Novice: 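Please see the structure below; I have some questions.
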Amino acid sequence: MAPRLSRSFYSQPVLRVAEACIGKILVHDTPEGLVAGRIVEAEAYRGPQDAAAHSRGGRRTPRTEAMFGEAGRAYVFMIYGIHYHFNLVAGGVGEPHAVLIRAAEPLAGLDIMRRRRGPAGRGLNVTNGPGKLCQAFGIEAKDYASDLCAGPLYLAEAAPTEILRSPRIGVDYAGSWARKLWRFSEAENPYVSVPPRATLRRK
DNA sequence: GAATAGATTGTCT
DNA sequence: GACAATCTATTCT
C-alpha cells in the first residue's frame, strides 16, 4: 500500500488540503478487515469566518473542539440523528478549519463495505455520499479526534487526477458563503455524490 | 427519473 | 424546542 500522508500534508492551507486530497487513498484498518478507496469529492470549511462551518463565529464546543486542535486529526460528527460525517482537520492550533470527505471510489474491502451498508448499498450506492462513506468505512463517534498520522484511519499517497471546483452541497443557509467554489471533485468519476454542472434547473 | 416525507439524536438557542 | 455539511423508501409521472 502507498505510504501514509504525514502531518505536513494536513498543515497546508485548508483549500489546498481539500484540493490535494482528491485522488488520495483513504484507508481504515478495522477488526472486520481493511477497507480503502480513492477520495473523489471533498469540501473546505474555514471557520471562524465561513458561515457554513460548525466553527463559524469561533464556536468552540465539545463537538467542534477537534477542529481547534492540531492538523491531521479526524473531526467526526453526527447529522440528522442518523449519519456520521468525516472531516480532516486542517489549519494550525486555534484555527478551526476542516475538509469534509464526501465520496470515494472503493479499492479494497468492497465486500465489507457492502455488508455494512446493507440492502441499500448496491451498485455505486456504497461510498457516493458523506453519510454512506462513513457507514461503508466504519467511521463513527469512536474515531472522533483520532490521529490520521498514527492510527488505523489515515490517508495514503496517490497520483494526482483532474479536479473540478463547484459550490458546496447542503449549505444554502450560509448566504454568500454557500456560493464559494469550495467543493472539489474528480472529473467524470461516477462516485461523486452530486455531479458538478448537472445542477441545471430546467422546466 | 423526479419529488416528497420520514427517520432519529446531538447540539445549540 | 428547532434544526442539521443526509439517506432511503415510496409515490408519483
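Only a predicted model underlies this, so the values are computations on that prediction, with no experimental measurement involved. Order of the sequence lines fixes the chain letters, A, B, ..., with proteins taken first and strands second; residue numbering starts at 1 for each chain. FYI, side chains are in, hydrogens and waters are out, and symmetry mates aren't considered; it's all heavy atoms of this structure.
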Novice: Does B:dT8 have a Watson-Crick or wobble mate here (both distances under 3.5 Å), and if so which one?
Specialist: none
Novice: Rounded to the nearest angstrom, tell me the gap between atom CG in A:Asn125 and atom P in B:dG1.
Specialist: 13 Å
Novice: What does A:Arg102 touch in the nucleic acid at a heavy-atom separation under 4.0 angstrom: a base, only the sugar-phosphate, or nothing?
Specialist: sugar-phosphate
Novice: For A:His28 and A:Phe137, I'd like to know if the aromatic rings sit close, meaning centre-to-centre distance below 6.0 Å.
Specialist: no
Novice: From NE2 of A:His54 over to C1' of B:dT11, roughly how many Å is that when rounded to an integer?
Specialist: 10 Å
Novice: Nearest-Å distance, NE2 (A:His85) to P (B:dT11)?
Specialist: 15 Å
Novice: With a 4.0 Å cut-off on heavy atoms, is A:Ala52 in touch with a base, just the backbone sugar-phosphate, or nothing at all?
Specialist: base
Novice: Does some side-chain heavy atom of A:Glu43 sit less than 4.5 Å from a side-chain heavy atom of A:Ile169?
Specialist: yes
Novice: Say we look at C:dC3 and B:dA5: how far apart would their P atoms be, to the nearest angstrom?
Specialist: 16 Å
Novice: Would you kindly give the CZ-to-C1' distance between A:Arg59 and B:dG10, to the nearest whole Å?
Specialist: 15 Å
Novice: Pick base, sugar-phosphate or nothing for A:Leu100, based on heavy-atom distances below 4.0 Å to the nucleic acid.
Specialist: base
Novice: Under a 3.5 Å limit for both distances, which nucleotide forms a Watson-Crick or G-U wobble pair with C:dA5, could you say?
Specialist: none
Novice: Working note: A:His54 + A:Tyr45, criterion ring-ring contact (aromatic ring centres under 6.0 Å, His included); need CA distance, chi angles, decisive distance, verdict.
Specialist: CA-CA 8 Å; A:His54 290 159; A:Tyr45 286 84; 7.5 Å; no
Novice: Anything under 4.0 Å to a heavy atom of chain A counts; send over the first and last such nucleotide of DNA chain C, read 5' to 3'.
Specialist: C:dA4 to C:dT8
Novice: Taking only residues two or more places apart in sequence, or in another chain, which ones meet A:Arg114 in a side chain to side chain donor-acceptor pair (under 3.5 Å)?
Specialist: none
Novice: Should the pair A:Arg4 and A:Tyr154 be classed as cation-pi, given the thresholds of under 6.0 Å to the six-membered ring centre and 45° from the axis?
Specialist: yes
Novice: If I take atom CZ in residue A:Phe77 and atom P in nucleotide B:dT8, what distance separates them, rounded to the nearest angstrom?
Specialist: 19 Å
Novice: Run the salt-bridge test on A:Glu105 and A:Arg38 with the 4.0 Å N-O cut-off and return the result as yes or no.
Specialist: yes
Novice: For residues A:Arg63 and A:Tyr75, determine if any side-chain heavy atom of one lies less than 4.5 Å from a side-chain heavy atom of the other.
Specialist: yes
Novice: What is the distance from CZ of A:Arg56 to C1' of B:dC12, rounded to the nearest Å?
Specialist: 10 Å
